[in-house]
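Here is the structure we will look at, set down as structure tokens.
Residue numbers run from 1 in the order of the sequence given.
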Amino acid sequence: MPLAAGTGRLLELWTDEHGEHFAIKISGDADFKAATSRYVKYVRIVDTGLYLADQTYQWKYTLEQWVKNYKKDQQESDGDRQ
């Protein structure tokens, strides 16, 4: 099935070097849409999702929920390795 118009870009979840702070960016954009701290350098993409250009995002809420789910998934996969 072909992608809908405007879906060629991704939402990116970035983290700092310690994995303590997170930010959201749209692929190809220079600026972050929301961040847990503006005083750290975000250096690594840890997750991606489909960006829907015609959808309205509440960036702070989206970041909070994404980080919560990302950390939960990390804990679950760490448990699977033990």
* Structure fact -> For Ala35 and Tyr42, the nearest pair of non-hydrogen atoms, with its separation, is CB-OH, 3.6 Å

* Beyond-backbone contact of Trp59 with Phe32, side-chain heavy atoms, under 4.5 angstrom -> no

Which donor-acceptor pairs under 3.5 Å do the side chains of residues 12-30 make with protein atoms, sequence neighbours left out?
unit_1: Glu12; atom_1: OE1; unit_2: Trp14; atom_2: NE1; d: 3.0
unit_1: Thr15; atom_1: OG1; unit_2: His21; atom_2: O; d: 2.9
unit_1: Asp16; atom_1: OD1; unit_2: Gly19; atom_2: N; d: 3.1
unit_1: Asp16; atom_1: OD1; unit_2: Glu20; atom_2: N; d: 2.8
unit_1: Asp16; atom_1: OD1; unit_2: His21; atom_2: N; d: 3.0
unit_1: His21; atom_1: ND1; unit_2: Thr36; atom_2: OG1; d: 3.3
unit_1: Ser27; atom_1: OG; unit_2: Leu10; atom_2: N; d: 2.9
unit_1: Ser27; atom_1: OG; unit_2: Leu10; atom_2: O; d: 3.4
unit_1: Asp29; atom_1: OD1; unit_2: Arg9; atom_2: NH2; d: 2.3
unit_1: Asp29; atom_1: OD2; unit_2: Arg9; atom_2: NH2; d: 3.4

Per-pair distances, 0.1 Å, donor-acceptor, side chain in residues 60-72, under 3.5 Å, sequence neighbours excluded:
unit_1: Thr62; atom_1: OG1; unit_2: Gln58; atom_2: O; d: 2.9
unit_1: Trp66; atom_1: NE1; unit_2: Asp47; atom_2: OD2; d: 2.9
unit_1: Asn69; atom_1: ND2; unit_2: Gln65; atom_2: O; d: 3.2

